[in-house]
Amino acid sequence: MVRTGVLVVPVLTVLLAVTSAFGVSWDNVTPYVNSGKSTTGLQQLVWSPQPAANLAAVDTAYAGGRLSADGSPGLAQVFSHPSSQMYYKTSTKCATPRPAIAAADAAYTLAAWCFDPTSDEAKLDSWVPQSLTSSQDAEQYTGYQAGGDQVAVVWRHTADAGNRGRCPGVPDDPGRSVGLRATFIDRPYTDGTHGGFRHVMLAVPGAPNAAGLTFSPVCDVHGGGAVWYGPYLFVSQHTSGVLVFDTRRTYLIPDDTSCGPDGTSSGVNDIGQVTNASGTTQLCAAGYRYVMFEVGRFVTTPSGCSGAPTDLHTGLCFSSLSLQWSNDSLVSAEYRDPTGMTASGAGARIVDWPTADLLDRMNTGSTKPVTATSLAETNFEGVQGVVTRPNSSSQRPEFFIDRTVPGNDNSELWYEQDNDGVCPSKGTFIDNAESMTYWLDSSGNGHLWSMSENANRRMLVRVYTKEYNNPPTGCPTQ
């Protein structure tokens, strides 16, 4: 149940974990993760593919030259054409964002990289990083070779009055989103080498019209979780499930920077078909050279996501995603804010979804619901990311959980081994941490990658799992 240097009194655990049937006790109490909950009655996932005509229009556009490729469609062209560079934490270019990692850097062995301080990636919040995955995740898919040693970051485009032209139903609210992009980073080294990267716009193909292919940005999706598994990029849709993009359907936009009306510079709303004064059209992706298409999505049945669910099996949300390597399952986790946690009838859920069943539905087109294989409940508030694995000795499930702290920029990285009679360990982490992904170095050491969210404090980081899983003194509280 909980983890500490001393055994926990069961009665105390009950009092801390549950205050009433109408709320979850989380503030100033010892957090817990209770796995092994029954999945009976939990919402399931159903495959909803893109219409065949929409994907056929993508193929026709490529065959006709309206879409192109540097060589062949796919990620190889992206890897071989980086457009920008990241820098190691000791570089003078990292002086401004370095305070975001200072506390964790002093306490742990932390590697970190920043963007060029003059770049939009570093200084603007128009695009905000949300989730991470890597080519090591991708290669857990049997027989798949990613073709590069990459870290991938999914960002969301914050909505404002000037960029909602292709997402007309989204309000002028920076908490809402009018696009997603995936950034593929040549895994950076601590000697300052590697680290080149290129953005790829994620797009939704629409019904073709007389001019052929139409597509739009991904509207009103936060993108808080991502898993690259085999040729597919899974991205969480907080309210309803998981979007699926096919990396093999990554194409080049001809005249990418001049595909606005009549050959003008492409603007932020020039996405999909852009019509000229003469009535002719060309395809555009708001200035991005590459675009990757969605092939379908998994949606919850019954539908519904609640920030304050009344019980353990309803109102499931998909705030983040990771891949559990031991059983090749997508792991979804829920973010719950203080108000929602206090009002909830159950804790936040951590759920395993079998990739074998997900891929079966994608390959066969079956609408048979996918049932979760594992369910855990936690009173951790503000969860941004979860990485799970079986403990190498006990085989009990262990959890690495990063959470943001209410009211400030701090984040914490916690470790819990379920049912070992020891309280969770609380570690100092980077400010405004986003989701995490697991990674092994050449010596077999486990690491976690994450990124700090906010402009001028934005850094990609990597820490050792072994430095965060030591038993604490006493029982830390959140």
Side-chain angles (χ1 to χ4, degrees), residues 45-50 55 75 78 127-135 137-138 140-141 146 150-159 167 170 176-185 199-205 215-250 271 285 288 290-300 305 316-324 329-335 351 353 355 358-359 361-362 370 383-387 434-437 449-451 453:
L45 289 173
V46 173
W47 175 238
S48 176
Q50 279 291 328
L55 295 176
L75 290 177
V78 178
W127 283 94
V128 181
Q130 296 297 312
S131 50
L132 295 90
T133 182
S134 80
S135 52
D137 279 346
Q140 301 307 305
Y141 183 109
Q150 301 280 318
V151 177
V153 182
V154 171
W155 310 55
R156 70 179 185 91
H157 197 183
T158 57
C167 294
V170 177
R176 305 285 284 273
S177 306
V178 291
L180 295 177
R181 71 184 184 192
T183 304
F184 292 89
I185 307 167
H199 302 305
V200 176
M201 171 171 277
L202 303 182
V204 183
F215 64 87
S216 63
V218 181
C219 298
D220 219 12
V221 174
H222 201 80
V227 168
W228 179 10
Y229 184 67
Y232 301 107
L233 181 65
F234 296 85
V235 178
S236 63
Q237 184 170 14
H238 175 78
T239 58
S240 61
V242 182
L243 310 184
V244 184
F245 299 85
D246 192 333
T247 65
R248 296 167 296 189
R249 289 185 175 274
T250 303
I271 300 171
Y288 288 90
Y290 299 104
V291 61
M292 183 191 302
F293 287 101
E294 181 194 334
V295 292
R297 56 189 62 188
F298 286 95
V299 295
T300 50
C305 155
L316 184 65
C317 303
F318 290 72
S319 306
S320 68
L321 286 179
S322 63
L323 182 72
Q324 181 169 173
S329 60
L330 291 189
V331 180
S332 66
E334 291 183 306
Y335 173 91
V351 186
W353 304 94
T355 56
L358 298 173
L359 293 173
R361 307 308 188 265
M362 292 163 59
V370 174
V383 172
Q384 296 289 339
V386 176
V387 167
E434 291 294 4
S435 78
M436 301 182 294
T437 191
W449 290 88
S450 189
M451 181 172 275
E453 179 181 30

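All values below come from the heavy atoms of this structure, side chains included, with hydrogens, waters and symmetry mates left out. For clarity, every value in this text was computed on a predicted model and none was experimentally measured. The residues of the chain are indexed from 1 along the displayed sequence.
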(request) Run through T239, L202, L243, V178 and flag the one making a side chain to side chain contact (heavy atoms under 4.5 Å, CB included) with V221. (result) L243
(request) Enter the distance from L330:CG to F298:CZ here, rounded to the nearest 0.5 Å. (result) 8.5 Å
(request) Find the distance between OG (S319) and CD (Q237) and round it off to the nearest 0.5 Å. (result) 12.0 Å
Ignoring hydrogens, what is the shortest heavy-atom contact between [X] and [Y]? Give both atom names and the distance.
X    : Y    : answer
S131 : S435 : CA-OG, 3.1 Å
P217 : I271 : CD-CG2, 3.6 Å
L321 : V235 : CD1-C, 4.1 Å
M451 : L132 : N-CD1, 3.9 Å
S332 : F318 : CB-CD2, 3.6 Å
P205 : Q50  : O-OE1, 3.2 Å

Below 4.5 Å, heavy atoms only, C-beta onward: do [X] and [Y] meet side chain to side chain?
X    : Y    : result
V331 : V351 : no
P231 : D246 : yes
L45  : W353 : yes
V46  : V370 : no
L358 : W47  : no

With sequence neighbours excluded, what pairs up with [X] under the side chain to side chain donor-acceptor pair (under 3.5 Å) test?
X    : answer
T247 : none
R361 : none
Q324 : S326, D352, T388

(message) One pair to check against side-chain hydrogen bond (donor to acceptor under 3.5 Å, both in side chains): H157 and S177. What are the steps and the verdict?
(response) CA-CA 5 Å; H157 197 183; S177 306; over 6 Å; no
Just by distance, do the side chain of [X] and the backbone of [Y] share a donor-acceptor pair under 3.5 Å?
X    : Y    : result
S322 : V386 : yes
E334 : C317 : yes
S236 : G225 : yes
S48  : R297 : no

(request) Compute the ring centroids of F245 and W228, then answer whether they are less than 6.0 Å apart. (result) no
(request) Could you tell me whether the side chains of E453 and Q130 share a donor-acceptor contact shorter than 3.5 Å? (result) yes
(message) Looking only at side-chain N and O atoms, does R181 offer a donor or acceptor that is under 3.5 Å from a partner on Y290?
(response) no
(request) Describe, in one word, how the ring planes of F234 and Y229 are oriented to each other, choosing from parallel (under 30°), tilted (30 to 60°) and perpendicular (over 60°). (result) tilted
(request) Take F215 and F293 through the test ring pair (Phe, Tyr, Trp, His ring centres under 6.0 Å) and record every step on the way to the result. (result) CA-CA 9 Å; F215 64 87; F293 287 101; 5.4 Å; yes
